[in-house]
Amino acid sequence: MLADNIFLKIINKQIPAKIAYEDDACLAFHDVNQQAPVHVLIIPKQIIRTHDEVGTGDKELMGHLHLVAVRLAKELGLGDGYRLVINCKEDGGQSVPHLHMHLLGGRPLAWPPG
Ligand code: 5GP
């Protein structure tokens, strides 16, 4: 995984991103390398490096990320469906060490993933 956390720099507005949604707890922005017509990353502002670091104290935050995904899916026209993906660590294909949920849609998505 990358040593530097690019997403913290995006949260702190040190590097630009096309922001889709922001509140006190999370930020959503369009992925720089779109894998579908809609590809947004939803991230907590709190530092959680990987999905397996999520604990019982994060229940509300994790639920919040899902509700933001529902809201964005509606706003971005994904009425025909979409996919939420959280890659965890090396085998999961995680490349940025800051928890993030991919919201993908706008075309039929194949299954299983690679
Ligand atoms: P992962 O592979 O860790 O699940 O997903 C990381 C995602 O972050 C990738 O889809 C990658 O394209 C995206 N990404 C990496 N660096 C940046 C960046 O600087 N800006 C934006 N908008 N997306 C990024």
Side-chain angles (χ1 to χ4, degrees):
M1 286 196 282
L2 298 175
D4 206 17
N5 186 345
I6 293 164
F7 291 174
L8 281 179
K9 291 184 177 164
I10 291 176
I11 289 169
N12 293 324
K13 311 285 165 39
Q14 291 167 304
I15 60 171
K18 191 178 163 196
I19 292 173
Y21 176 83
E22 181 169 17
D23 61 28
D24 288 344
C26 76
L27 181 69
F29 53 95
H30 294 268
D31 197 295
V32 77
N33 185 19
Q34 300 268 301
Q35 299 300 319
V38 172
H39 186 176
V40 170
L41 301 171
I42 304 166
I43 69 173
K45 290 188 173 175
Q46 176 187 327
I47 297 175
I48 302 174
R49 287 175 301 177
T50 61
H51 190 261
D52 64 357
E53 281 186 8
V54 172
T56 53
D58 302 316
K59 282 182 187 173
E60 189 175 335
L61 175 63
M62 294 306 290
H64 182 63
L65 298 184
H66 279 271
L67 290 173
V68 169
V70 170
R71 172 186 172 143
L72 283 172
K74 289 191 176 113
E75 287 179 3
L76 297 171
L78 303 183
D80 288 338
Y82 55 86
R83 184 171 295 163
L84 297 176
V85 175
I86 298 176
N87 296 323
C88 182
K89 297 165 85 173
E90 287 80 4
D91 278 3
Q94 183 179 3
S95 61
V96 178
H98 186 105
L99 177 72
H100 48 283
M101 182 185 284
H102 297 253
L103 169 63
L104 296 145
R107 66 169 172 83
L109 297 164
W111 191 263

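We count ligands from 1, going down the list as the structure has it; atoms in each ligand are counted the same way.
Within the listing of ligand 1, atoms 3 (O), 6 (C) sit less than 4.0 angstrom from a heavy atom of Val96. Ligand 1 places these atoms under 4.0 Å from at least one heavy atom of Phe29: 21 (C), 22 (N). Residue Ser95 approaches ligand 1 through these ligand atoms, each under 4.0 Å from one of its heavy atoms: 1 (P), 2 (O), 3 (O), 5 (O), 6 (C). When each atom of ligand 1 is checked for a heavy atom of Gln94 under 4.0 Å away, the hits are 3 (O). Taking a cut-off of under 4.0 Å to the non-hydrogen atoms of Asn33, the atoms of ligand 1 that pass are 12 (O). Short contacts between ligand 1 and Phe7, defined as distances under 4.0 Å to a heavy atom of the residue, involve ligand atoms 8 (O).
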(message) Run His100 and His98 through ring pair (Phe, Tyr, Trp, His ring centres under 6.0 Å) and show every step you take.
(response) CA-CA 6 Å; His100 48 283; His98 186 105; 7.9 Å; no
(message) Set out, in order, the CA-CA distance, both residues' side-chain angles and the distance that settles side-chain contact (heavy atoms from CB on, under 4.5 Å) for Leu41 and His102, then state yes or no.
(response) CA-CA 5 Å; Leu41 301 171; His102 297 253; 3.3 Å; yes
(request) With side-chain contact (heavy atoms from CB on, under 4.5 Å) as the test, would you mind laying out the steps for Tyr21 and Glu75 before giving the verdict? (result) CA-CA 10 Å; Tyr21 176 83; Glu75 287 179 3; 5.7 Å; no
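Atom NE2 of His66 sits about 11.0 Å away from atom CG of Leu103, to the nearest 0.5 Å.
A donor-acceptor distance shorter than 3.5 angstrom exists from the side chain of Gln94 to the backbone of Arg49, with no hydrogens or angles considered.
The proximity of Val85 to ligand 1, defined as any non-hydrogen pair under 4.0 Å, does not occur for either the backbone or the side chain. With a heavy-atom cut-off of 4.0 Å, Ile6 touches ligand 1 through its side chain alone.
Note on ligand 1: Ala17 sits outside its first shell, no heavy atom being nearer than 4.0 Å. Residue His30 places a heavy atom less than 4.0 Å from ligand 1. The closest approach between Gln35 and ligand 1 stays at or above 4.0 Å for every heavy atom of the residue.
At a threshold of 4.5 Å between side-chain heavy atoms, the hydrophobic network of Ile, Leu, Val, Met, Phe, Trp and Tyr places Val40 and Leu99 in one connected group. If you chain together hydrophobic residues whose side chains sit under 4.5 Å apart, Phe29 and Val38 never meet in one group.
Residues Met62 and His51 meet the side-chain proximity criterion, which asks for heavy atoms closer than 4.5 Å.
Among Lys18, His39, His100, the residue whose heavy atom lies nearest to atom 6 (C) of ligand 1 is His100.
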